[in-house]
Amino acid sequence: MANEEVKLLGAWASPFSCRVENALKLKGVKYEFIEEDLQNKSPLLLQSNPVHKKIPVLIHNGKPIAESLVIIEYIDETWDGYPILPKDPYERAVARFWAKFLDEKCLPALWKACWCTEEEKEKNVEEALGVLKILENELKNKKFFGGNTINMVDIAANFIGYWFGVVQEALGIKLANAESFPALHNYMNEYVKCSHIKEHLPPREKLVGFFRARVQATSSS
């Protein structure tokens with residue numbers, strides 16, 4: 001499409017923002033990335049997403065779309081090229097199911113297990129290991145959630161593929177070892193090696209430093 005204006009309001013360290021960038025780049029869509037200061041949100045962000053006031057927001061020809069999974073589907077339906085969602089209706093429904101599972105069950109459980117007090121640790125780690133076992137079972141005998149190629153579920157699973165390992169390194173913890181979760185560890189390795197993904201991920205050292213600074217700030221407060 002000629003004469004298009006595509007802007008992405010995001011934050012470099014956000015896996016949700018990175019999801020949208022991956023989808024845009026898979027489709028070959030040119031866009032302007034606008035870095036948001038989440039402690040001092042811009043008028044453009046507040047105007048574009050008045051309900052949640054969060055990133056990411058895609059602005060396509062002046063029209064804003066919020067929420068990363070909604071944006072990804074919009075990108076897939078708007079631009080030709082790489083198929084992000086399967087064409088088969090059943091497979092599309094399955095992909096949507098797992099993307100929703102990742103957002104509603106998996107990410108909250110992992111986040112709580114990583115950032116919890118000692119009193120909450122046992123319960124939260126048990127919950128996190130439970131969702132990881134579900135993902136482990138789903139990934140058995142598959143390279144990616146999408147099979148041999150990246151699809152919507154893999155874009156949604158970028159926290160598992162990259163951020164989860166970074167956060168564990170920054171915190172000095174290990175929630176999931178390779179012996180207990182071989183399929184997941186293989187997935188993480190394949191994810192960061194994938195040509196569609198690796199060149200667009202935030203630098204690992206910079207991201208580790210970001211989360212270590214967050215740990216120090218939390219400890220100080």
Side-chain heavy atoms under 4.5 angstrom apart, residues restricted to Ile, Leu, Val, Met, Phe, Trp, Tyr: same cluster for [X] and [Y]?
X     : Y      : result
Phe33 : Val57  : no
Ile34 : Tyr74  : no
Phe97 : Phe144 : yes
Trp98 : Ile160 : yes
Ile71 : Ile59  : no

Are more than 12 heavy atoms from other residues, nucleotides or ligands located less than 6.0 Å from atom [atom1] of [X]?
X      : atom1 : value
Lys142 : NZ    : yes
Glu122 : CD    : no
Glu126 : CD    : no
Asn61  : CG    : yes
Lys27  : NZ    : yes

Fill in: side-chain contact (heavy atoms from CB on, under 4.5 Å) between Leu69 and Asp103, worked out
CA-CA 9 Å; Leu69 295 183; Asp103 264 13; 3.4 Å; yes
Interatomic spacing from [atom1] in [X] to [atom2] in [Y] - rounded to 0.5 Å:
X      : Y      : atom1 : atom2 : result
Ile65  : Ser48  : CD1   : OG    : 10.0 Å
Leu171 : Arg214 : CG    : CZ    : 9.5 Å
Leu24  : Thr78  : CG    : OG1   : 10.0 Å
His52  : Leu46  : NE2   : CG    : 14.0 Å
Asn177 : Leu184 : CG    : CG    : 11.0 Å
Lys112 : Lys123 : NZ    : NZ    : 6.5 Å

Just by distance, do the side chain of [X] and the backbone of [Y] share a donor-acceptor pair under 3.5 Å?
X      : Y      : result
Asp76  : Leu85  : yes
Glu21  : His200 : no
Glu32  : Lys7   : no
His60  : Ile75  : no
Asn158 : Gly161 : no
Glu36  : Ile55  : no
Arg19  : Ser68  : no
Glu136 : Ala183 : yes
Glu120 : Thr117 : yes

Worksheet, complete the sentence: Residue pairs passing the side chain to side chain donor-acceptor pair (under 3.5 Å) test with at least one member in residues 190-199, sequence neighbours excluded, are none
Answer yes or no: is there a side-chain heavy-atom contact under 4.5 Å between [X] and [Y]?
X      : Y      : value
Asn49  : Pro64  : no
Leu102 : Phe159 : no
Lys105 : Lys100 : no
Lys206 : Trp12  : yes
Arg212 : Glu169 : yes
Trp115 : Leu110 : no
Pro56  : Leu8   : yes
Phe164 : Leu175 : yes

Discussion item. Could you walk me through whether Trp111 and Asn124 satisfy the side-chain contact (heavy atoms from CB on, under 4.5 Å) test, starting with their C-alpha distance in whole Å, then the side-chain angles of each, then the deciding distance to 0.1 Å, before giving a yes or no?
Written reply: CA-CA 9 Å; Trp111 200 249; Asn124 288 346; over 6 Å; no
Worksheet item: Can Lys30 and Glu4 be counted as an ion pair, charged N to O under 4.0 angstrom?
Response: no
Discussion item. If the test is side-chain contact (heavy atoms from CB on, under 4.5 Å), which one of Leu45, Asp37, Leu44 qualifies with Lys41?
Written reply: Leu45
Item to complete: Step by step, work out the side-chain contact (heavy atoms from CB on, under 4.5 Å) result for Leu107 and Phe101.
Response: CA-CA 9 Å; Leu107 270 65; Phe101 174 80; over 6 Å; no
Fill in: Tyr31 side chain to Glu5 side chain, donor-acceptor N/O pair below 3.5 angstrom
no
Please list, one pair per line, the donor and acceptor atoms closer than 3.5 Å that link side chains of residues 146-156 to other protein atoms, with sequence neighbours excluded.
from	atom 1	to	atom 2	distance (Å)
Asn151	OD1	Val153	N	2.9
Asp154	OD1	Phe145	N	2.9
Asp154	OD1	Tyr187	OH	2.9
Asp154	OD2	Gly146	N	3.0
Asp154	OD2	Asn151	N	3.1

Practice prompt. Decide yes or no on side-chain contact (heavy atoms from CB on, under 4.5 Å) for Lys54 and Glu67, but give the supporting numbers first.
Written response: CA-CA 8 Å; Lys54 297 191 301 184; Glu67 297 296 300; 4.3 Å; yes
Item to complete: For residues Cys18 and Pro202, report the shortest heavy-atom separation together with the two atoms involved.
Response: SG-CD, 4.4 Å
Worksheet item: For the residue pair Ser17 and Gly10, what are the closest heavy atoms and their distance?
Response: OG-CA, 3.3 Å
Worksheet item: Are the aromatic rings of Phe211 and Trp163 close, with centres under 6.0 Å apart?
Response: no
